[in-house]
> 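Shown below is the structure under consideration.
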Amino acid sequence: MSTIETRDGTRIFYKDWGPRDAQPIVFHHGWPLSGDDWDNQMLFFLANGYRVIAHDRRGHGRSDQTDRGHDMATYANDVVDLAAALDLQNAIHIGHSTGGGEVAAYVAKAEPGRVAKAALLGAIPPLMLQTDANPDGVPLEVFDGFRAALAANRAQFYLDVPSGPFYGFNRDGADVSQGLINNWWRQGMMGSASAHYQCIAVFSETDQTEDLRAMNVPTLVMHGDDDQVVPIANSAEKAVELLPNGTLKIYEGLSHGFFATHPDLVNPDLLSFLQS
């Protein structure tokens, strides 16, 4: 397997397909998944002449199941180390959900010349948690429920999430894909329960307002307006106002996992943004 070793000795697994002299696209996955969540997009952009890279976040997928470094700053440092190891220049970074937060944290601190553009899909920034300063956020009790369900029966919880709100399969008339559900479960169960448990606090409690303000590259914010996991009003609609060069694309009626359920819509929109 292809891995790099980060500054604290953690081994991060990655896939790297395509010509090494082509413009790279780096994909950042959501919780509690792996780089495999981007297989459709990687094949699409590979066919369009790009170099495509996807890594498994520490504690997720095939990366080390370390119990250290589960915070957004360390996730971003891991991407810094990956970009340095692969000598990525002029790259496009695309992140979904927690991976969107990772993109924001990385792009905000990236070395000049490393990043050309970014895309945030169903992404968590600026802040998911309900606080006095963020009164329309998601109540802490919801995330406590995630932690309790994961600790009690992670295998069942990882069936319930994709079968229900993640892909909108709990909506009347939904076109349910058992394959997507099974693949979500497969990816989730590959990772570390400890890492996944700790990451709930990372994706819910990290305030990335300043990261968004520091993203000085063209950034496309894509979000389904029926996202039951990361509500659009408290994420994308706020994020685009904080970004120096942001554009918002809303998908009517689509879910949190919209890029997986509707790649026929999302992939061409991403390609158009990359080529613009």
Side-chain angles (χ1 to χ4, degrees), residues 1-43 45-46 49-121 123 186-196 198-199 202-203 206 208 211 215 217 274:
M1 298 197 305
S2 298
T3 62
I4 63 116
E5 187 170 310
T6 68
R7 64 194 69 184
D8 70 355
T10 300
R11 289 174 299 172
I12 300 295
F13 169 83
Y14 68 93
K15 296 181 280 189
D16 186 356
W17 306 341
R20 295 304 183 261
D21 58 350
Q23 186 173 24
I25 305 175
V26 184
F27 293 94
H28 306 245
H29 65 81
W31 174 94
L33 304 175
S34 74
D36 292 353
D37 208 34
W38 293 107
D39 281 352
N40 181 289
Q41 284 69 36
M42 289 185 70
L43 290 171
F45 286 102
L46 179 66
Y50 291 89
R51 176 185 179 185
V52 293
I53 298 157
H55 65 289
D56 294 353
R57 188 172 303 116
R58 62 170 55 214
H60 296 63
R62 290 141 294 200
S63 292
D64 278 355
Q65 292 201 5
T66 178
D67 64 350
R68 297 177 297 160
H70 295 289
D71 56 81
M72 196 61 78
T74 303
Y75 293 164
N77 284 339
D78 290 347
V79 181
V80 170
D81 295 344
L82 178 71
L86 301 184
D87 192 25
L88 301 181
Q89 303 290 338
N90 197 38
I92 298 143
H93 286 262
I94 298 175
H96 174 244
S97 197
T98 303
E102 184 177 273
V103 168
Y106 168 70
V107 172
K109 67 190 294 183
E111 297 174 350
R114 291 283 189 196
V115 181
K117 294 182 179 181
L120 309 178
L121 283 65
R186 176 191 68 84
Q187 292 177 74
M189 293 304 293
M190 287 171 66
S192 159
S194 173
H196 294 170
Q198 293 181 63
C199 190
V202 180
F203 72 65
T206 305
Q208 296 193 262
D211 288 338
M215 292 179 69
V217 298
L274 269 54

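Along the sequence shown, the residues carry numbers beginning at 1.
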> Residues in salt bridge (Lys or Arg N to Asp or Glu O under 4.0 Å) with Arg68, at least two apart?
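Counting only residues at least two positions away or on another chain, Arg68 forms no salt bridge (Lys or Arg N to Asp or Glu O under 4.0 Å).
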> Checking Asp64 against Thr66: is there a side-chain donor and acceptor pair closer than 3.5 Å?
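The answer is no; no qualifying pair exists.
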> Give the minimum heavy-atom separation between Asn90 and Gln23, together with the two atoms involved.
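Smallest interatomic distance, heavy atoms only, reads O-NE2, 2.9 Å.
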> Restricting to salt bridge (Lys or Arg N to Asp or Glu O under 4.0 Å), what partner residues turn up for Asp37, sequence neighbours left out?
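Here no residue qualifies.
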> If the condition is side chain to side chain donor-acceptor pair (under 3.5 Å), which residues does His196 pass it with, not counting sequence neighbours?
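With neighbours one apart ignored, the set is Arg154, Tyr158.
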> Write out all pairs satisfying salt bridge (charged side-chain N to carboxylate O under 4.0 Å, His left out) with one or both partners inside residues 86-106, taking only residues at least two apart or from two chains.
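Matches after skipping sequence neighbours: Arg57-Glu102, Asp87-Arg114.
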> With sequence neighbours excluded, tell me which residues meet side chain to side chain donor-acceptor pair (under 3.5 Å) with Asn40.
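Only Asn267 meet the side chain to side chain donor-acceptor pair (under 3.5 Å) criterion with Asn40.
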> Name all residues meeting the side chain to side chain contact (heavy atoms under 4.5 Å, CB included) criterion together with Ala73; count only those two or more places apart in sequence or in a different chain, and write none if there are none.
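If we apply the side chain to side chain contact (heavy atoms under 4.5 Å, CB included) test to Ala73, skipping adjacent residues, the hits are Asp71.
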> What ring pair (Phe, Tyr, Trp, His ring centres under 6.0 Å) pairs are there with at least one residue in residues 98-117, not counting sequence neighbours?
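As it turns out, the ring pair (Phe, Tyr, Trp, His ring centres under 6.0 Å) pairs with a partner in residues 98-117, which skip direct neighbours, are His93-Tyr106.
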> What pairs with Asp67 under side chain to side chain contact (heavy atoms under 4.5 Å, CB included), at least two apart in sequence or on another chain?
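Scan of Asp67 (side chain to side chain contact (heavy atoms under 4.5 Å, CB included), adjacent residues dropped) gives Ser194, Gln198.
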> For Ala123, give me all partners under side chain to side chain contact (heavy atoms under 4.5 Å, CB included), at least two apart in sequence or on another chain.
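Testing Ala123 for side chain to side chain contact (heavy atoms under 4.5 Å, CB included), a comparison that skips the adjacent residues, returns Leu120, Pro125.
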> Got a sec, which residues hit ring-ring contact (aromatic ring centres under 6.0 Å, His included) with His55, two or more places apart in sequence or on another chain?
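Here the qualifying residues are His28.
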> Could you pull out all residues at least two apart from Met42 that satisfy side chain to side chain contact (heavy atoms under 4.5 Å, CB included)?
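Per chain and number, Met42 pairs via side chain to side chain contact (heavy atoms under 4.5 Å, CB included) with Lys15, Trp17, Phe27, Trp38, Val52, Ala54.
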> Mind checking what makes salt bridge (Lys or Arg N to Asp or Glu O under 4.0 Å) contact with Asp211, not counting sequence neighbours?
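So Asp211 forms no salt bridge (Lys or Arg N to Asp or Glu O under 4.0 Å) with any residue.
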